[in-house]
Amino acid sequence: MFVSSPSALRGATLIDGRVVDIMIVDDIVVSVVPASASPVREGELDAHGYLVLTAPADPHTHLDKALSWSLIRPPSGDLETAIASWLDYVATVDSEEIYGRAVRAIEEYVANGVTALRTHVDVPHTGDPLRGVNAIVRAREEFADIADIEIVALPGRETTRDRLEAALDAGADLVGGAPHLAEDETADVHRLIDVAEARGIGIDIHADEALYRGTTLRTLAERTLRWSATRTAGHCVRLSTLPDHELLPLMSNIAAAGIGVVANPITNLYLQGWESDVATPRGIAPVNRLRAAGVLTAAGGDNVRDPFNPMGRADALETAMLLVTACHVPIDDAWAAVSTDARRVMGLPAAGTEVGMRADLIGIRAASLADALATAPADRFVISRGRLVARTRTTRWTAPRAIKEVAL
């Protein structure tokens with residue numbers, strides 16, 4: 001039975017193991033009570049056997065690049081190799097091609113339970129500066145009733161200010177950038193912040209995306225200490241290699257400045273460490289230490305099957321699993337990084353299974369959160385703003401086992 005806007009999720013299992021009925025009015029959870037034994041009625045959604053959680057958000061994606069790997073077939077390599085492969089390819093396509101891939105990627109994200117996305121979109125220094133932004137703005141409008149999508153204008157190291165301003169005028173919400181790729185990293189940070197300050201908007205910058213160099217975070221913390229606008233730093237893998245006498249004061253400054261840090265485990269596991277054949281270092285921001293220092297820390301899926309990462313399922317369960325296995329983040333904290341904390345980084349209304357929260361929810365056919373992260377079941381339903389926006393059901397068959405009698 002299809003229910004477009006369920007009045008209740010019946011028999012839902014919560015993260016603490018309770019089995020409850022969740023009542024929804026419009027887009028708000030209004031009641032959470034022990035599950036009733038009465039039959040599921042018309043207008044209600046049967047959630048028996050489903051773990052119901054806050055729907056994940058992905059605070060760091062690249063929709064303009066998504067799903068391009070099979071079209072490019074790029075060589076494997078580090079960040080510079082990936083950039084070169086992407087620039088060669090994107091020069092040959094138009095806005096329509098970018099839009100088509102972005103739509104398919106958003107459909108994958110939503111089907112997997114992601115109801116909010118923040119995407120970085122290239123603003124090139126040559127050709128049409130709005131090719132990517134126009135494509136993603138169009139896709140955002142198409143999914144406006146289904147998912148929250150924020151756009152970060154991502155200028156290249158040679159992109160002029162007027163091109164960046166044009167992207168913001170065309171619909172980008174935040175100023176982005178990758179100062180660690182510029183000749184003068186500190187000057188580039190200030191250049192990007194100047195634009196954001198002048199327009200009264202926030203920033204989300206690729207920061208210190210190299211294991212052994214990078215000063216973007218330090219400059220960002222100093223410059224935005226008294227800012228009230230959104231400020232986010234993605235990647236931050238340099239933090240994982242800093243000695244304590246440098247790391248501890250820097251984390252304190254990041255926390256004081258209110259900068260949200262977004263780790264991107266899958267892409268940085270792929271891009272970092274190519275120069276080391278032995279004892280290969282793994283590039284992921286130190287999530288546990290950042291959280292302990294009071295830094296708002298989330299995690300994103302980043303690239304999905306493009307030159308920067310040939311893998312990726314557009315699935316927050318994958319990101320959370322990698323935080324657990326590759327970053328030693330506790331299971332509950334890993335899920336928070338891709339759901340509640342990701343939403344906080346994006347400045348979204350609180351969502352979840354508590355009364356008064358927005359009804360952005362995911363139901364996963366799993367017995368527990370650990371079970372869900374380990375097996376990533378495809379059987380899911382997705383509630384966005386109180387509406388059922390996606391549902392996946394699977395079937396399984398295995399051959400019958402031979403039963404042998406055992407002599408006693």
Side-chain angles (χ1 to χ4, degrees), residues 1-57 109-116 145-148 315-318 320-321 324 330-344 348-396:
M1 179 176 63
F2 176 77
V3 183
S4 61
S5 297
S7 60
L9 308 183
R10 296 289 306 280
T13 301
L14 300 184
I15 198 169
D16 60 8
R18 288 180 295 147
V19 181
V20 301
D21 294 336
I22 302 171
M23 315 303 178
I24 301 171
V25 174
D26 296 326
D27 62 349
I28 300 297
V29 173
V30 298
S31 176
V32 180
V33 298
S36 168
S38 63
V40 177
R41 297 186 293 269
E42 184 176 353
E44 298 176 336
L45 184 65
D46 188 351
H48 289 86
Y50 285 85
L51 179 70
V52 176
L53 307 164
T54 303
Y109 277 110
V110 172
N112 286 328
V114 175
T115 62
D145 294 334
I146 296 174
D148 294 294
D315 187 357
L317 292 179
E318 178 182 47
M321 177 274 294
V324 174
I331 291 171
D332 286 351
D333 290 351
W335 183 251
V338 299
S339 58
T340 54
D341 291 341
R343 290 176 176 275
R344 288 175 60 201
L348 295 170
T353 58
E354 295 182 20
V355 172
M357 289 187 169
R358 187 161 123 173
D360 272 34
L361 306 168
I362 181 174
I364 307 168
R365 189 169 285 284
S368 66
L369 182 59
D371 182 30
L373 297 194
T375 62
D379 285 66
R380 307 179 194 188
F381 63 79
V382 185
I383 306 291
S384 178
R385 307 172 207 170
R387 294 177 54 230
L388 181 66
V389 296
R391 182 153 202 175
T392 303
R393 292 187 176 100
T394 62
T395 59
R396 174 183 291 178

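This is a predicted model, so every value here is computed, not measured.
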**Message:** If you apply the rule side chain to side chain contact (heavy atoms under 4.5 Å, CB included), what do you find for Asn112 with Leu317, and how did you get there?
**Reply:** CA-CA 9 Å; Asn112 286 328; Leu317 292 179; over 6 Å; no
**Message:** Rounded at 0.5 Å granularity, tell me how far CG in Leu348 sits from OG1 in Thr115.
**Reply:** 8.0 Å
**Message:** So which atom in Ala334 and which in Ala320 form the shortest heavy-atom distance, rounded to 0.1 Å?
**Reply:** CB-O, 3.6 Å
**Considering all heavy atoms, the nearest Ala55-Gly113 contact** = CB-O, 3.6 Å
**Asked** Taking only residues two or more places apart in sequence, or in another chain, which ones meet Ile15 in a side-chain contact (heavy atoms from CB on, under 4.5 Å)?
**Response** Leu53, Asp332, Leu369
**Fill in**
Here the ring-ring contact (aromatic ring centres under 6.0 Å, His included) pairs for residues 10-32, sequence neighbours left out, are none
**Asked** Got a sec, which pairs hit salt bridge (charged side-chain N to carboxylate O under 4.0 Å, His left out) with one end in residues 361-374, sequence neighbours left out?
**Response** none
**Request:** Scan for ring-ring contact (aromatic ring centres under 6.0 Å, His included) pairs involving residues 11-53, sequence neighbours excluded, and state none if there are none.
**Result:** Tyr50-Phe381
**Prompt:** Is there any side chain to side chain donor-acceptor pair (under 3.5 Å) pair reaching into residues 25-34, and which pairs are they, with sequence neighbours excluded?
**Reply:** none
**Item:** Distance-minimising heavy-atom pair for Ala359 and Ile383
**Value:** O-CG2, 3.3 Å
**Asked** Under the salt bridge (charged side-chain N to carboxylate O under 4.0 Å, His left out) rule, what pairs show up with a residue in residues 7-16, not counting sequence neighbours?
**Response** Arg10-Asp21, Arg10-Glu44, Asp16-Arg18
**Fill in**
Here the ring-ring contact (aromatic ring centres under 6.0 Å, His included) pairs for residues 10-44, sequence neighbours left out, are none
**Message:** Applying side-chain contact (heavy atoms from CB on, under 4.5 Å), can you list everything that pairs with Ala378, at least two apart in sequence or on another chain?
**Reply:** Thr392, Thr394
**Request:** Can you sort out the partners of Asp145 under side-chain contact (heavy atoms from CB on, under 4.5 Å), two or more places apart, ordered by chain and number?
**Result:** Arg387
**Asked** If every non-hydrogen atom of Pro56 is compared with every non-hydrogen atom of Arg343, which pair is closest and at what distance?
**Response** O-NH2, 3.7 Å
**Message:** Taking side-chain contact (heavy atoms from CB on, under 4.5 Å) as the definition, give me every residue that meets it alongside Pro349, ordered by chain and number, with sequence neighbours left out.
**Reply:** Arg358
**Asked** Could you state the interatomic distance from CE (Met357) to OG1 (Thr353), rounded to the nearest 0.5 Å?
**Response** 7.5 Å
**Message:** Holding to side chain to side chain donor-acceptor pair (under 3.5 Å), I want the full list of residues that pass it with Ser368, two or more places apart in sequence or in another chain.
**Reply:** none
**Request:** Quick one: closest heavy-atom pair of Val52 and Ala47, and the distance?
**Result:** CG2-CB, 4.5 Å
**Asked** Hey, does the side chain of Asp360 reach the backbone of Arg385 with a donor-acceptor pair shorter than 3.5 angstrom?
**Response** yes
**Prompt:** To the nearest 0.5 Å, what is the distance between OG (Ser4) and CG (Leu45)?
**Reply:** 11.0 Å
**Request:** Check salt bridge (charged side-chain N to carboxylate O under 4.0 Å, His left out) between Asp46 and all other residues, then give those that pass, not counting sequence neighbours.
**Result:** none
**Request:** Determine yes or no for a side-chain-to-main-chain donor-acceptor pair under 3.5 angstrom, with Ser384 supplying the side chain and Ile146 the backbone.
**Result:** yes
**Prompt:** If you take all heavy atoms of Ala147 and Val110, which pair is closest and at what distance?
**Reply:** CB-CG2, 4.3 Å
